[in-house]
Amino acid sequence: MDALAPQSTAATAQAGLGARFLYKVIKNDSMKQDPFQIYGWRAFMMAFSACFGGMLFGMDIGTIGGVLTLPPFMAKYGLDNIDDVALANLSANIASTLQAGCFFGCFIASWMADKYGRRFALIANGLITIVGVIIQSVASGSLEAMYVGRCVAGVGVGGASMVVPLYISENAPRAIRGGLTGIYQLFIATGTMLAFWINYGSILNLSGASMYIVPLVLQALPAILLVVCMFLNKESPRFLAKQDRWEEATKVLARVRNLPTTHEYVQAELREISEQLEHERLLVGGAKLKDLLREMFMIPGNRKRALISIGLMICQQMTGTNAINYYAPQIFKNLGITGNETKLFATGIYGVVKMVTCAAFLVFAADSLGRRKSLLWTSIAQGTAMLYIGLYVRISPPLPNAPVPPAGYVALICIFLFAAFFQFGWGPVCWIYVSEIPAARLRSLNVAIAAATQWLFNFVVARATPNMLATVGSHGYGAFLIYSSFCFSMFFFVWFFIPETKGLSLEKMDDIFGVTELVKNVMADNREHHAGSVEVGLDGKEVVREERREVAEAK
């Protein structure tokens, strides 16, 4: 596709309003080369449809934090007559049970996505989430039923978190892949925001058990939308190609690109897909889990990509973002905000900030500023915001029944600034990056490992934060300092290990991580020794077969 001629001014003038807007705001080489027809409505509707799977995640993390503070819920589940440490432990158990299901859901979904397809996996995970939400909604004070319901919902939420970025990255045009994949994070933020305001509306307008049951039931809304929308979408063309269903792959790719199947751009993209699959088969045969794991961790370029994916997801969670998402009402209380209504209102504003800033990033920065720079500057910005909050709580903690001082309002603003900084870097970029860098054969497994890592450390944060706020210094100031330290350290991780990938096709990622050069060496060795039998090891070195050794010894 790199050989395609740049777009002429006349051709660009024929583009629709949406495409012309993209040409103005997105600055990368691929935008200049690729045909304007590929930036039609189909690409965006594909991404929006799949991203209801991200809203599953957002609705849950936004709902449970508020529900845990609602008086009818606390009374029904026995949270109102226990001490602070016991309350912290029980709240953490309820919030974090979901992550256990999410962790295993990632691997179940990876198997499902590779065997039955990305589209099927998304539909199945939507249905699983609906079952889990129903169990939570009818638990009626039973902690055991609540735990089961959150774990079952977690399997669906975790599975969707793995498949959504995978599905979008395999369908998206390369020039806007970052923005389209990042819509996943936008839908997480939107789901969180909606959940915050649902909680706020419930405490104002509902009473009794309905005050917490309604928010719990509404968690199923994005799951229903995901199932309905995915029935209207097609399978990923790259999955179809991997299954050797090339005719279907060609039709689906042409449809999502809004071009005829014979168009040069479509044919060039199919050739790249075919070449990458052939190169991967050349390096390591077989497609069993054992073969894929060997391919992932024994080929240096693939191993680097897997470790970067794991590292990014650990870093994303250790920013402390989900500490605020899950326990925002408690955190606002520690900063001096009192009253359930006021705390939930402040939490709702926090959700709006996250949604708006994420949308701004996707439009203006994801495919222009790029991945690397976004991660670098937001590492410092997030760390600074968290550092100020921690120092404020340590040096001048809020006093009971006293008005919030000016320094306290600055700390509240820092919470909102932290949300904005996160959405301009570590929120969307991690999901974009881990879904675009893996090799075709390893993409599903790589994203599953990354998503499972995210959920594992999400669990760590969800489980540890209430105890940290209760025990690590007065008003939990130590928690903010710990998360600040992690944010600053992430700058160095990105500086030394994260290359830029904006505007590159998925098939070009092998060039960045050195796998293409390895393939060339393998092919050169094969040509040189075509008369003999040559096997190439996972490190790219020739392995001499026994029959060739015998011939050499005979000579």
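Side chains are part of it too, since the values below use all heavy atoms of this structure and drop only hydrogens, waters and symmetry mates. Just so you know, residue 1 is the first one in the sequence shown, and it goes up from there.
- Between the SG atom in Cys430 and the CD atom in Gln316 there is a gap of 4.5 Å [rounded to 0.5 Å].
- Nearest heavy atoms, Thr261 versus Val266: O-CG1, 3.9 Å.
- Trp41 has its ring centre no less than 6.0 Å from the ring centre of Phe44.
- When each of Glu269, Glu170, Glu272 is paired with Arg238, the salt bridge (charged side-chain N to carboxylate O under 4.0 Å, His left out) condition holds for Glu269 and for no other.
- No donor-acceptor pair closer than 3.5 Å links the side chain of Gln99 to the backbone N or O of Leu456.
- Proximity of a side-chain donor or acceptor of Gln243 to a complementary backbone N or O of Leu240 within less than 3.5 Å is not detected.
- Rounding to the nearest 0.5 Å places CG of Asn171 at 12.0 Å from NZ of Lys234.
- No side-chain heavy atom of Pro438 sits less than 4.5 Å from a side-chain heavy atom of Met509.
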- Item | Residue pair Arg177, Leu180: steps toward the side chain to side chain contact (heavy atoms under 4.5 Å, CB included) verdict | CA-CA 5 Å; Arg177 186 179 60 248; Leu180 290 183; 5.9 Å; no
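- When side chains are defined from C-beta on, Cys151 does not count as touching Phe104, because their heavy atoms never get closer than 4.5 Å.
- Minimum heavy-atom separation, Val152 to Ile128: O-CG2, 3.4 Å.
- Between the CG atom in Asn458 and the CZ atom in Phe57 there is a gap of 5.0 Å [rounded to 0.5 Å].
- Taking 4.5 Å as the limit, every side-chain heavy atom of Gln423 sits out of range of all side-chain heavy atoms of Phe361.
- In this structure, Leu56 and Asp60 have side chains that are not in contact, with every pair of non-hydrogen atoms separated by 4.5 Å or more.
- The closest donor-acceptor contact from the side chain of Arg257 to the backbone of Ala172 lies under 3.5 Å.
- Checked by atom type and distance alone, the side chain of Arg119 pairs as donor or acceptor with a backbone atom of Met230 at under 3.5 Å.
- Side-chain contact between Ile498 and Leu312: present, with at least one pair of heavy atoms (C-beta onward) separated by less than 4.5 Å.
- When all heavy atoms of Ala249 and Ala241 are compared, the closest pair comes out as CB-N, 3.9 Å.
- Judged by distance alone, the side chain of Tyr483 and the main-chain N or O of Thr319 form no donor-acceptor pair under 3.5 Å.
- Judged purely by atom type and a 3.5 angstrom limit, Gln37 has no side-chain atom pairing as donor or acceptor with the backbone of Asn258.
- Remark: the backbone N or O of Leu166 is not paired with any side-chain donor or acceptor of Arg443 at under 3.5 angstrom.
- Annotation: side chain of Met162 is not in contact with side chain of Trp455 (no heavy-atom distance under 4.5 Å).
- Judged as a ring pair (Phe, Tyr, Trp, His ring centres under 6.0 Å), and not counting sequence neighbours, Tyr433 has no contacts.
- For the pair Lys251 and Arg245, the minimum side-chain heavy-atom distance is 4.5 Å or more.
- The number of heavy atoms from other shown groups lying within 6.0 Å of CZ (Phe486) does not exceed 12.
- Taking all atoms of both residues into account, the shortest heavy-atom contact from Pro237 to Val252 is CD-CG1, 3.9 Å.
- In this structure, the side chain of Gln454 does not engage the main chain of Ile314 through any donor-acceptor pair within 3.5 Å.
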Could you walk me through whether Ser435 and Ile168 pass the side chain to side chain contact (heavy atoms under 4.5 Å, CB included) check?
CA-CA 9 Å; Ser435 64; Ile168 297 175; over 6 Å; no
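- Across Ser161 and Trp431, no two heavy atoms sit closer than the pair O-CZ3, 3.4 Å.
- With Asn446 contributing its side chain and Leu442 its backbone, the two residues share no donor-acceptor pair below 3.5 Å.
- In this structure, Tyr116 and Phe120 have tilted ring planes: the angle between them lies in the 30° to 60° band.
- At least one donor-acceptor pair under 3.5 Å links the side chain of Ser49 to the backbone N or O of Met45.
- Side-chain atoms of Phe231 and Ile123, non-hydrogen and from C-beta on, do get closer than 4.5 Å to each other.
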